[in-house]
Visitor: 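Can you read through this structure? Questions will come right after.
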Protein chains: 2
Amino acid sequence: MSEFTKMRVNLDRIQADVETLASIGRCDEDQGLYRMAFTDADIEARKWLLDRIDNAGLISRSDGAANIFGVLASDHDSPSLVVGSHLDTVPCAGSLDGSLGVVVGLECLRVINQAGYLPDRDVELVAFSDEEGRFGGMLGSEAFIGNINPLSIQHASDASGFSLSEAMLSQGLDPSKVMEARRNPSTIDRYLELHIEQGPVLDHKGLNVGVVDEITGLFRWNLKLIGESNHAGTTPMEMRRDAFMGLADFAHEIPRILDEIGSESARATVGQAEIQPGAPNTVPGMVAFTLDVRDTNQEVLEALKDAFHRALVVICRRRQLKFDMNEVSSIDPVRCDSEIIKILEEGVTELGLKALRMPSGAAHDAQIMGRQYPVGMIFVPSRGGKSHSPDEWTSWTDIEAGANLLLHAILKLTAQKQSLK
Amino acid sequence: MSEFTKMRVNLDRIQADVETLASIGRCDEDQGLYRMAFTDADIEARKWLLDRIDNAGLISRSDGAANIFGVLASDHDSPSLVVGSHLDTVPCAGSLDGSLGVVVGLECLRVINQAGYLPDRDVELVAFSDEEGRFGGMLGSEAFIGNINPLSIQHASDASGFSLSEAMLSQGLDPSKVMEARRNPSTIDRYLELHIEQGPVLDHKGLNVGVVDEITGLFRWNLKLIGESNHAGTTPMEMRRDAFMGLADFAHEIPRILDEIGSESARATVGQAEIQPGAPNTVPGMVAFTLDVRDTNQEVLEALKDAFHRALVVICRRRQLKFDMNEVSSIDPVRCDSEIIKILEEGVTELGLKALRMPSGAAHDAQIMGRQYPVGMIFVPSRGGKSHSPDEWTSWTDIEAGANLLLHAILKLTAQKQSLK
């Protein structure tokens with residue numbers, strides 16, 4: 001493969017694709033993009049992608065979960081290398097989350113195809129459906145690994161009560177086909193994903209890329225603390241059962257618990273809280289809130305779960321509150337494939353990049369794929385750590401660096417065996 | 001006046017009036033009452049009261065702020081003794097807050113009138129407008145003492161943006177007449193108000209009545225802590241500017257500040273909080289919340305203000321947050337008239353009641369009146385401390401006790417001078 005080691009992506013094409021894609025689903029000024037899964041904008045983006053795949057001389061197709069594929073065919077029937085990300089977005093999104101991984105993957109396959117390089121296995125570009133979880137999970141990648149059942153498909157609905165079936169039918173898609181998106185595991189070799197970091201670390205350290213070694217696991221609880229609402233003037237402090245003060249106590253335990261139990265990658269966040277009845281002159285009778293806890297180590301994550309639970313019990317006993325807990329999400333951490341990490345770190349050296357081996361604090365399709373296949377991830381810096389925001393950005397230099405690193409890895413992972421090592 | 005000391009209220013009439021009034025503005029089952037100021041229900045209650053006043057042989061009238069009066073006329077032109085409370089309610093209200101003071105006041109004047117007792121001054125029953133503050137303040141009592149100006153009337157609007165002027169005009173009331181509600185201070189002697197405690201103290205101690213010695217002052221702040229919203233998975237704990245964690249720190253300072261600085265009557269409450277953007281997987285970038293702080297001592301209240309402000313400054317420095325503070329309300333504490341307290345405590349003894357001298361933690365029309373006139377308040381127990389709730393209740397025995405205590409005080413305060421002492 002030596003003749004191909006000088007192969008490089010074409011940044012102009014990446015830039016043009018990013019910009020075109022960023023025009024699909026654009027909201028009013030300064031509001032960024034909104035391509036929620038299975039909306040018109042999302043479908044338009046997929047059609048655009050199918051078109052670009054055809055245009056690049058790749059084989060385009062889609063599956064029952066509406067995942068889009070672009071295949072660079074080999075003349076072997078070895079299991080495929082899959083490369084990709086997603087096209088759907090959160091509200092007020094930037095241009096890069098998900099989209100960049102798809103566009104860069106497309107460019108890698110395009111440049112490989114044009115160079116006449118013959119991989120030792122098919123390379124499949126994928127744009128997974130609904131990574132942002134309109135319907136609760138990561139529909140596309142979960143359907144791909146078969147982690148979905150007819151009942152969950154039937155019952156899936158979004159925050160406004162719109163069902164997955166309605167959403168798919170409204171776009172001419174057949175929800176009964178989602179199950180068919182499951183791929184036979186023997187047809188898949190590995191999965192690679194390039195994604196923006198969505199955090200401040202690479203930007204802060206002035207690096208080009210991150211080589212992901214672990215993808216954080218998480219649990220998310222919906223919690224309620226239930227006390228008694230009373231008049232804020234007439235109820236002596238010692239006679240209160242103030243639900244909000246219970247939450248304040250709980251939030252105060254976060255740093256202690258993370259320090260005592262968490263690994264270096266541990267995070268815990270109270271991101272939502274709603275007080276009932278919610279009047280300035282009324283002692284809060286109830287507070288509903290969310291707790292999002294992450295760690296890259298499964299045992300640590302379990303220990304954190306215990307510790308937060310114990311803290312709740314103690315606070316409720318002290319403040320005479322009750323609590324109600326609902327685990328809405330629990331995702332195991334995933335270790336990236338050591339062979340892929342090695343190849344990526346060799347690529348960093350060969351390409352002369354400044355890089356960091358780092359965990360991913362966000363969940364990605366790679367995490368779902370990682371339950372079944374060896375996976376690897378490349379991060380590019382998020383300026384100011386921003387994502388899920390119109391301010392989300394990455395310098396073109398770093399995008400080019402990340403894209404060439406991905407290209408390098410694809411070439412290494414698909415080199416005819418006699419030339420590997 | 002000796003022949004009148006055996007005079008007692010008629011509990012049946014009080015009960016009938018409470019029950020009739022509780023049918024006006026009744027919501028669907030279990031939702032209690034809603035007579036927001038200047039709604040149809042509120043106006044209906046006032047019309048009912050005017051009718052009851054006429055029926056009791058008193059002189060009915062209303063003023064420019066739509067305060068309702070029932071006058072038991074004397075043949076002296078000494079300043080009037082005013083007795084009353086309010087008829088408007090919060091949403092999902094019980095039957096007693098405000099209404100009880102009006103009904104019991106009416107019963108006192110009715111029984112006095114029927115007994116042929118001639119007071120040494122006019123006794124005026126009053127039902128003040130908008131005590132619950134639909135338009136920000138206590139419109140009726142504030143207009144009565146002249147603590148209002150044409151500009152504030154013009155700009156007053158409720159939480160849904162409906163203006164005071166629109167609200168009054170829709171009921172055939174003329175907002176330009178509100179200023180005329182101001183009474184010449186030389187025409188008013190004292191103000192007496194019976195009210196439910198709205199707190200748990202009397203019920204907890206098994207007492208019949210409370211003799212209020214001080215009405216708490218308060219300040220209320222609308223606060224914002226402003227940090228930066230970030231991804232909850234990718235943003236390391238030490239790189240966060242988490243606005244909600246700032247609020248948790250602040251809430252944690254409340255007990256310390258009250259212990260160090262507050263008097264026994266001190267209270268502080270965070271009753272409302274709203275996180276932006278408010279997603280489980282997003283570090284809170286902003287939290288808007290309310291702080292309600294009360295104390296019966298003006299100097300202490302000022303010191304509390306300083307202490308809470310300092311706490312905010314320190315927390316914001318530590319967490320790299322900004323804050324925005326808006327004082328939406330500041331009411332000075334009021335001391336009840338010592339002569340009235342003495343008369344009420346004599347009454348407690350004469351009537352054989354179990355009573356407590358206590359502060360009022362809630363604001364009342366008596367507090368507004370107390371800026372200009374000697375005031376006194378009687379509390380009756382709130383079962384379980386509940387108020388602003390359909391569960392609000394007081395035993396009829398205690399209502400009768402409180403009503404007779406009010407009657408006793410009215411008689412003492414309006415006795416022909418030669419018979420006092």
Side-chain angles (χ1 to χ4, degrees), chain A residues 197-201 204 216 218 220 222 228-237 239-240 242 244-245 247-252 254-255 258 265-275 277-284 287 290-292 294 328-329 360-363 382 385-389, chain B residues 90 197-201 204 216 218 220 222 229-237 239-240 242 244-245 247-252 254-255 258 265-275 277-284 287 290-292 294 328-329 360-363 382 385-389:
Chain A
E197 179 198 340
Q198 301 184 266
V201 178
H204 198 74
T216 189
L218 69 87
R220 194 175 292 162
N222 283 351
E228 189 175 24
S229 67
N230 282 115
H231 192 294
T234 61
T235 315
M237 300 307 284
M239 293 176 80
R240 297 180 176 202
D242 184 328
F244 176 75
M245 289 302 285
L247 169 56
D249 286 357
F250 183 72
H252 227 76
I254 290 177
L258 293 190
S265 68
R267 322 254 188 269
T269 307
V270 173
Q272 234 176 18
E274 197 193 322
I275 294 176
N281 65 347
T282 305
V283 177
V287 60
T290 59
L291 177 70
D292 176 301
R294 307 187 186 216
V328 287
S329 184
S360 168
S382 292
K386 288 192 192 300
S387 72
H388 287 192
S389 150
Chain B
V90 294
E197 181 199 338
Q198 300 183 266
V201 178
H204 198 74
T216 190
L218 69 86
R220 193 173 294 162
N222 284 350
S229 68
N230 281 114
H231 193 294
T234 61
T235 316
M237 300 307 285
M239 291 176 82
R240 297 180 176 202
D242 184 328
F244 176 75
M245 290 301 286
L247 169 56
D249 287 357
F250 183 71
H252 227 76
I254 290 177
L258 294 190
S265 69
R267 321 256 188 269
T269 307
V270 173
Q272 233 176 20
E274 199 194 320
I275 294 175
N281 65 347
T282 306
V283 177
V287 59
T290 59
L291 177 71
D292 176 301
R294 305 184 188 219
V328 286
S329 183
S360 167
S382 292
K386 289 192 191 301
S387 72
H388 288 191
S389 151

Visitor: Classify the ring geometry between A/His252 and B/His252 as parallel (under 30°), tilted (30 to 60°) or perpendicular (over 60°).
Guide: parallel
Visitor: Looking only at atom types and distance, does a side-chain atom of B/Ser329 sit under 3.5 Å from a main-chain N or O of B/Arg220, one as donor and one as acceptor?
Guide: no
Visitor: Considering only heavy atoms and a distance below 4.5 Å, find which of A/Val283, A/Thr235, A/Asn222 pairs most often with chain B.
Guide: A/Thr235
Visitor: Among B/Asn230, B/Leu247, B/Val201, B/Val270, which residue has the highest count of heavy-atom pairs closer than 4.5 Å to chain A?
Guide: B/Val270
Visitor: Let me know if B/Arg294 has heavy atoms under 4.5 Å from chain A in its side chain, its backbone, both or neither.
Guide: side chain
Visitor: Between A/Thr290 and chain B, which part of the residue has a heavy atom less than 4.5 Å away: side chain, backbone, both or neither?
Guide: side chain
Visitor: Could you look at B/Leu291 and say if it's the side chain, the backbone, both or neither that has a heavy atom under 4.5 Å from chain A?
Guide: neither
Visitor: Specify which of B/Pro236, B/Pro284, B/Ser382 makes the most heavy-atom pairs with chain A at under 4.5 Å.
Guide: B/Pro236
Visitor: Stepwise, does the side-chain hydrogen bond (donor to acceptor under 3.5 Å, both in side chains) test hold for B/Gln198 with B/Ser387?
Guide: CA-CA 5 Å; B/Gln198 300 183 266; B/Ser387 72; 3.2 Å; yes
Visitor: If you define the side chain from C-beta out and look only at heavy atoms, does anything of B/Arg267 sit under 4.5 Å from B/Thr216?
Guide: no
Visitor: If we define contacts as heavy-atom pairs under 4.5 Å, which of A/Ala266, A/Ala248, A/Gly233 has the most with chain B?
Guide: A/Gly233
Visitor: What part of B/Thr269 is in contact with chain A, defined as an atom under 4.5 angstrom from a non-hydrogen atom: side chain, backbone, both or neither?
Guide: both
Visitor: Taking every heavy-atom pair that is under 4.5 Å apart, which of B/Gly199, B/Pro200, B/Ala251 has the most such pairs with chain A?
Guide: B/Pro200
Visitor: For each of B/Met245, B/Glu274, B/Lys386, tally heavy-atom pairs with chain A at distances under 4.5 Å, and name the one with the top tally.
Guide: B/Met245
Visitor: Check whether B/Ala363 gets within reach of chain A through its side chain, its backbone, both or neither, counting any heavy atom under 4.5 Å.
Guide: neither
Visitor: So which part of A/Ala362 gets closer than 4.5 Å to some heavy atom of chain B, the side chain, the backbone, both or neither?
Guide: both
Visitor: Go through the atoms of B/Thr282 and report whether side chain, backbone, both or neither lie under 4.5 Å from a heavy atom of chain A.
Guide: backbone
Visitor: Which atoms form the tightest heavy-atom contact between B/Pro277 and B/Ser229, and what is the distance?
Guide: CD-CB, 3.6 Å
Visitor: Using non-hydrogen atoms only, which part of B/Ala273 is less than 4.5 Å away from chain A: side chain, backbone, both, or neither?
Guide: both
Visitor: What part of B/Asn281 gets closer than 4.5 Å to chain A, counting heavy atoms only: side chain, backbone, both or neither?
Guide: both
Visitor: I'd like to know which of A/His204, A/Glu197, A/Arg240 tops the heavy-atom pair count under 4.5 Å against chain B.
Guide: A/Arg240
Visitor: Using non-hydrogen atoms only, which part of B/Pro255 is less than 4.5 Å away from chain A: side chain, backbone, both, or neither?
Guide: side chain
Visitor: Search all heavy atoms of B/Ile275 against all heavy atoms of B/Phe244 and return the closest pair with its distance.
Guide: CD1-CD1, 3.6 Å
Visitor: Is B/Leu218 close to chain A through its backbone or its side chain, or both, or neither, when contacts mean heavy atoms under 4.5 Å?
Guide: neither
